[in-house]
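We count ligands from 1, going down the list as the structure has it; atoms in each ligand are counted the same way.
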Amino acid sequence: MRRVAVLGAGSWGTTFAKVLADAGTPVTLWARRAEVAEAVAREHRNPEYLPDVTLPAELAATADADEALAGAEAVVLALPAQRLRENLEHWRPHLPEGVTLVSLAKGVERGTLLRMSEVICQVTDAGADRVAVVSGPNLAGEIAAEQPTATVVACRDHDRAVAVQHACSTGYFKPYTNTDVVGCELGGACKNVIALACGTAVGLGYGDNTMASLITRGLAEISRLAVALGAEPLTLAGLAGMGDLVATCSSPLSRNRRFGEALGRGMSVAEAEEANHGQVAEGVKSCDAISELARRHGVDTPIVDAVRRVCDGEVSAKEVGDELINRELKVE
Ligand SMILES: NC(=O)c1ccc[n+]([C@@H]2O[C@H](COP(=O)([O-])OP(=O)(O)OC[C@H]3O[C@@H](n4cnc5c(N)ncnc54)[C@H](O)[C@@H]3O)[C@@H](O)[C@H]2O)c1
Ligand SMILES: O=P(O)(O)OC[C@H](O)CO
């Protein structure tokens, strides 16, 4: 690929820019703050988000979005889900003609209940075949340390997915392609909420049986919802479904799981946010939208609904756990 712009220099944006650079793709990273762009460009570090990682010398960085976008063949959007629309509206006039738009965010927009690819199409007027998403078991810290992992590049246009796949393929990062954007996006957004539930269980002192039960029943509700919205069932058994769910629910590196643990130990949402050092736990921001999306499509999502009620302060983590185990008995 000729050149890629990565917009957003948090943990994942910076790491994905490193992956692209390591794959030999010319890449410019846009950071909101000039001092972050400066540190990446001059010292090859992002002290706030990846303090222990030396970034490739070839990775260019700027705080000027126009500069990052000029001549880009693909634009990678690496912002928190609820912040995508406002920034994209601002960048829209500067997007190169026909550019591939790649979403890294794992969330559903509050209010509109739109997936990130839908927000991108709505704001930019791009056809759905121009929008790709990258989703899989991709904890940024492990990838930045070049630990091997796989992911999915999903796009309705297979050729565009292949172009992005080649642009980000390295000795430690293995992208597969898929045309099921709906399944990949919902897998990524919903697993954050299930990871909150798993973290909460850990915080309450529960062990691996509880965790495995939440992961498995979580996958059942993610799959029901995704299929109701048009996803292929097999996508949810793949990297962007089960793969990401297992990684996020099991890893102490996951911000969502850590946030859940704090809730399980009795912290309020505000206290848990502070304990997470201001980093985004997308499940907290998206659980109400996902719960509402499921309600509108007549899909039963008890774990997502339980997490939403805890995040809204309606019930305690302990109460909601007791409610879940005491739900009506039924066939698996
Ligand atoms: N970190 C991971 O391991 C990982 C992996 C895969 C996917 N993701 C997803 O990628 C997305 C971004 O996550 P992240 O880990 O990079 O988050 P982060 O919290 O590490 O960084 C967020 C970035 O967005 C910027 N930002 C925040 N508010 C903004 C605003 N209003 N306008 C412009 N910029 C703003 C911040 O300055 C920062 O650069 C999320 O949806 C997340 O779920 C993260
Ligand atoms: O740290 P989390 O919980 O945002 O999860 C990061 C990635 O989405 C894992 O694939």
Once you restrict both partners to nitrogen or oxygen, which atoms of ligand 2 have a protein partner under 3.5 Å, and how far apart are they?
from     : atom 1 : to     : atom 2 : distance (Å)
ligand 2 : 1 (O)  : Arg255 : N      : 2.9
ligand 2 : 1 (O)  : Arg255 : NE     : 2.8
ligand 2 : 3 (O)  : Ser254 : OG     : 2.6
ligand 2 : 3 (O)  : Arg255 : N      : 3.2
ligand 2 : 3 (O)  : Asn256 : N      : 3.0
ligand 2 : 3 (O)  : Asn256 : ND2    : 2.7
ligand 2 : 4 (O)  : Arg255 : NE     : 3.3
ligand 2 : 4 (O)  : Arg255 : NH2    : 2.9
ligand 2 : 4 (O)  : Asn256 : ND2    : 3.3
ligand 2 : 5 (O)  : Lys191 : NZ     : 3.4
ligand 2 : 8 (O)  : Lys106 : NZ     : 2.9
ligand 2 : 8 (O)  : Lys191 : NZ     : 2.7
ligand 2 : 10 (O) : Lys106 : NZ     : 3.0
ligand 2 : 10 (O) : Gly136 : O      : 3.1
ligand 2 : 10 (O) : Asn138 : N      : 2.9
ligand 2 : 10 (O) : Asp244 : OD1    : 2.6

Contacting atoms of ligand 1, where contact means under 4.0 angstrom from a heavy atom of [X]:
{"X": "Leu139", "answer": "3 (O)"}
{"X": "Ala105", "answer": "11 (C), 41 (O)"}
{"X": "Glu86", "answer": "31 (N)"}

[X] contact mode with ligand 1 (heavy-atom cut-off under 4.0 Å):
{"X": "Asn87", "result": "side chain"}
{"X": "Leu79", "result": "both"}
{"X": "Lys106", "result": "both"}
{"X": "Ala9", "result": "backbone"}

Please determine, by modelled atom types, if [X] and [Y] share a side-chain donor-acceptor pair under 3.5 angstrom.
{"X": "Asp305", "Y": "Ser291", "value": "yes"}
{"X": "Thr54", "Y": "Arg45", "value": "yes"}
{"X": "Ser117", "Y": "Glu185", "value": "yes"}
{"X": "Glu232", "Y": "Thr235", "value": "no"}
{"X": "Arg3", "Y": "Thr28", "value": "yes"}
{"X": "Gln165", "Y": "Thr177", "value": "no"}

Polar atom proximity, Arg33 to ligand 1 (N or O, under 3.5 Å):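 By distance alone, the answer is no.
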Trp30 N/O to ligand 1 N/O under 3.5 Å: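 No, there is no polar N/O contact under 3.5 Å.
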Take a 6.0 Å sphere around CD of Glu274 and say whether it holds more than 12 heavy atoms from other residues, nucleotides or ligands.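 Open.
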Is it the case that more than 12 heavy atoms not belonging to Asp208 sit under 6.0 Å from its CG atom?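 Counting other residues, nucleotides and ligands, CG of Asp208 stays at 12 neighbours or fewer.
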Tell me: protein heavy atom nearest [atom], and distance?
{"atom": "atom 43 (O) of ligand 1", "answer": "Glu282 CG, 3.2 Å"}
{"atom": "atom 5 (C) of ligand 1", "answer": "Asn138 O, 2.9 Å"}
{"atom": "atom 17 (O) of ligand 1", "answer": "Val280 CG1, 3.4 Å"}
{"atom": "atom 31 (N) of ligand 1", "answer": "Arg83 CD, 2.8 Å"}
{"atom": "atom 37 (O) of ligand 1", "answer": "Arg32 NH2, 3.2 Å"}
{"atom": "atom 7 (C) of ligand 1", "answer": "Trp12 CD1, 3.1 Å"}
{"atom": "atom 38 (C) of ligand 1", "answer": "Tyr49 OH, 3.4 Å"}
{"atom": "atom 3 (O) of ligand 1", "answer": "Ala140 N, 2.8 Å"}

What's the spacing between Met116 CE and Leu114 CG if we round to 0.5 Å?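 These two atoms lie 8.0 Å from each other.
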Cation-pi check for Tyr176 against Lys174: NZ or CZ below 6.0 Å from the six-membered ring centre and within 45 degrees of the axis, yes or no?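 Yes, Lys174 lies over the aromatic ring of Tyr176.
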Positive for side-chain contact (heavy atoms from CB on, under 4.5 Å) with Pro137, one of Leu239, Thr248, Val152, Val246: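 Result for side-chain contact (heavy atoms from CB on, under 4.5 Å) with Pro137: Leu239.
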Is Trp12 reachable from Val119 through a run of hydrophobic residues whose side-chain heavy atoms are each under 4.5 Å from the next?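 No, separate clusters.
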Do Leu204 and Ile215 belong together in a cluster built from hydrophobic side chains that touch within less than 4.5 Å?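 Hydrophobic grouping puts Leu204 apart from Ile215.
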Under 4.0 Å, counting heavy atoms only: does Arg255 come that close to any atom of ligand 1?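 True for this residue.
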Taking all atoms of both residues into account, what is the closest heavy-atom pair of Ala197 and Val307, and its distance?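 Heavy atoms of Ala197 and Val307 come nearest at CB-CG2, 3.8 Å.
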Which residue from Thr14, Leu104, Asn46 reaches closest to atom 9 (C) of ligand 1 through any of its heavy atoms?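 Minimum heavy-atom distance to atom 9 (C) of ligand 1 goes to Leu104.
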Return the option from Ser254, Gly10, Ser103 holding the heavy atom at the smallest distance from atom 39 (O) of ligand 1.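 Heavy atom nearest to atom 39 (O) of ligand 1 belongs to Gly10.
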Contact between Asn178 and Val153 at the side-chain level, heavy atoms closer than 4.5 Å - yes or no?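 When only atoms from C-beta onward are counted, Val153 and Asn178 do not touch, as no gap falls below 4.5 Å.
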Minimum side-chain heavy-atom gap Val181-Thr179 below 4.5 Å: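 Val181 vs Thr179: side chains apart.
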